[in-house]
**Student:** 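The structure that follows is given in the form of structure tokens.
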Amino acid sequence: MSTKLKFGLVGTGVIAPLHAKAIAQSSQAELVAVADINKEKAEAFAKEYKVARVYRDYTDMFRLEDLDVVSVCTPSGLHAEVTIAAAESGIHVLCEKPLEINAEKMTKMIEACRRHKVKLGCVFQRRTLPAARLTRQAIQEGKLGKLVLGDAYLKYFRSKEYYQSADWRGTWAFDGGGALMNQGVHGIDLIQWMVGEVESVTAYTGTLVRDIEVEDTAVALVKYKNGAYGVIQGTTSVYPGQETRFEIHGENGTIVFGDSGIKQWSFRHGEEEIPSVERDISAKSDPRKLSQSGHYIIVEDMIQAVKYDREPMIPGEEARKAVDLILAIYESARSGKEVKVFT
């Protein structure tokens, strides 16, 4: 392995520039090749980010390039096939969220990476936010006591034009869902990372505004394995998009935070000042406004995981938990019944 890890990138859509910029920022990596079925699009991307080689078929890239890591930035329903092909070529994988869109595909991805002894990391950049990390630490230290409620309000806006910008958007086959699987998956990952895994769910989902196959509005009641309850609301239908917000209550305290910082930091046994944290650059109404800092942290972590043979920050087994919960929400909405979360 060379001093600098050689990255490839598959899929040159909206999220790919964040990967390219993060790799360029690192002194320990370089982006040497990109692949996209639309070669003109890939060539324009390569020119902008000074990438030497372009492929239309990612399997050719895996065969001809000496890659250490590949960033998978394709539509969600193609993550498994790209990941498995990379693993079979001995290439480590950094996969965009969601890990995949069904349980069987996620299992196959994880098993392929284990079998071929490559790393599988996933991008959930909200886990790098100081407010989220401080909240998780406070919960783990027992400052809130017994947890009672863990709520996530994920009210995004996505326009008609957004869904028309690519034929895979808003489809079950390639997006795997709507407001929850594409946008809300970040918050669903985060609330479980902070509060704990969900045991069961009762939910409503619907397509109330947009002309798409999948949901643009969802409400779920969840029961966590630790006994706490919670509410998850996810939309792409409300205008304007609202600040993403998390509310966590325990017998001895409450923490509330959102994109603009921590709103409440209250404990029964000793009041503390509200921590001052960096404001998150939210993509509540426009996915192109995502902050780059989280991707840089995750890319840098992936580099260290490969170099020092350790697990990435968010390995496949951890990343699948958000999707497993979303799939349970969809099943509950279809059946009208409480559904246990697959684990």
Side-chain angles (χ1 to χ4, degrees), residues 1 5-11 15 19 35 57-63 65-125 127 168 172-177 180-182 185-186 188-189 192-193 196-199 201 225 298-299 301-331 339-343:
M1 188 182 297
L5 296 191
K6 294 179 180 179
F7 272 71
L9 187 150
V10 181
I15 206 67
H19 286 254
D57 187 333
Y58 63 83
T59 60
D60 290 337
M61 183 174 74
F62 294 165
R63 178 171 52 86
E65 297 288 339
D66 183 23
L67 299 177
D68 298 303
V69 185
V70 62
S71 285
V72 179
C73 302
T74 62
S76 306
L78 300 175
H79 287 178
E81 66 178 60
V82 179
T83 295
I84 292 168
E88 291 172 346
S89 299
I91 302 167
H92 303 284
V93 178
L94 181 59
C95 185
E96 259 300 331
K97 64 75 190 168
L99 186 64
E100 243 290 348
I101 60 175
N102 72 48
E104 183 180 3
K105 285 185 175 183
M106 291 189 294
T107 298
K108 288 180 177 178
M109 293 167 73
I110 292 166
E111 289 178 348
C113 289
R114 280 186 191 153
R115 185 165 60 252
H116 295 283
K117 296 180 170 56
V118 298
K119 312 295 181 190
L120 173 58
C122 192
V123 179
F124 280 116
Q125 68 269 22
R127 289 198 189 192
W168 63 271
W172 287 112
F174 295 108
D175 224 352
L180 297 183
M181 189 67 85
N182 193 315
V185 66
H186 283 291
I188 289 170
D189 170 75
Q192 288 196 105
W193 184 63
E197 293 179 29
V198 168
E199 178 181 290
V201 61
K225 290 181 179 179
I298 289 174
V299 166
D301 173 81
M302 187 70 182
I303 292 166
Q304 300 306 312
V306 172
K307 284 197 165 188
Y308 297 104
D309 192 22
R310 64 163 173 79
E311 283 289 277
M313 181 188 297
I314 308 166
E317 293 88 345
E318 182 70 11
R320 74 171 299 159
K321 293 176 183 178
V323 179
D324 287 332
L325 174 50
I326 292 169
L327 294 175
I329 290 172
Y330 291 161
E331 177 59 29
V339 171
K340 296 282 186 181
V341 179
F342 170 84
T343 54

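Sequence positions, counted from 1, serve as the residue numbers for this chain. Quick caveat: nothing in here was measured; it's all calculated off a predicted structure.
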**Student:** Which heavy atom in Leu120 sits nearest to a heavy atom in Cys113, and how many Å separate them?
**Tutor:**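 Taking every non-hydrogen atom into account, CB-SG, 3.7 Å.
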**Student:** Who passes ring pair (Phe, Tyr, Trp, His ring centres under 6.0 Å) against His79, sequence neighbours left out?
**Tutor:**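 His79 satisfies ring pair (Phe, Tyr, Trp, His ring centres under 6.0 Å) with no other residue.
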**Student:** Flag the pair Asp301 and Arg310 as a salt bridge only when some basic side-chain nitrogen lies within less than 4.0 angstrom of an acidic carboxylate oxygen.
**Tutor:**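 Yes, charged N to carboxylate O under 4.0 Å.
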**Student:** Could you tell me whether the side chain of Lys6 and the main chain of Val69 form a donor-acceptor pair under 3.5 Å?
**Tutor:**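 Judged by distance alone, no pair lies under 3.5 Å.
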**Student:** What distance separates Asp189 CG from Phe124 CZ, expressed to the nearest 0.5 Å?
**Tutor:**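 Going from the CG atom of Asp189 to the CZ atom of Phe124 covers 4.5 Å.
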**Student:** Kindly compute the distance separating NE2 (His92) from NZ (Lys307), expressed to the nearest 0.5 Å.
**Tutor:**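 Output value for this atom pair is 12.0 Å.
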**Student:** The test is side chain to side chain contact (heavy atoms under 4.5 Å, CB included); show your working for Trp193 and Glu318 and say whether it passes.
**Tutor:** CA-CA 9 Å; Trp193 184 63; Glu318 182 70 11; 4.0 Å; yes
**Student:** Name the one of Ile188, Ile329, Ile326 that satisfies side chain to side chain contact (heavy atoms under 4.5 Å, CB included) with Met181?
**Tutor:**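 It is Ile326; the other options fail the test.
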**Student:** Once rounded to the nearest 0.5 Å, what's the spacing between atom CD1 of Ile298 and atom CD1 of Ile303?
**Tutor:**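 Result: 12.5 Å between the selected atoms.
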**Student:** Just how far is it from atom SG of Cys122 to atom CE of Met302, taken to the nearest 0.5 Å?
**Tutor:**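 Rounded to the nearest 0.5 Å, the SG-CE separation comes to 10.5 Å.
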**Student:** Apply salt bridge (charged side-chain N to carboxylate O under 4.0 Å, His left out) to Asp324 and list each qualifying residue two or more places apart in sequence or on a separate chain.
**Tutor:**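 Counting only residues at least two positions away or on another chain, Asp324 forms a salt bridge (charged side-chain N to carboxylate O under 4.0 Å, His left out) with Arg320.
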**Student:** Quick one: are Val10 and Phe62 in side-chain contact, heavy atoms under 4.5 Å?
**Tutor:**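 Yes, side chains in contact.
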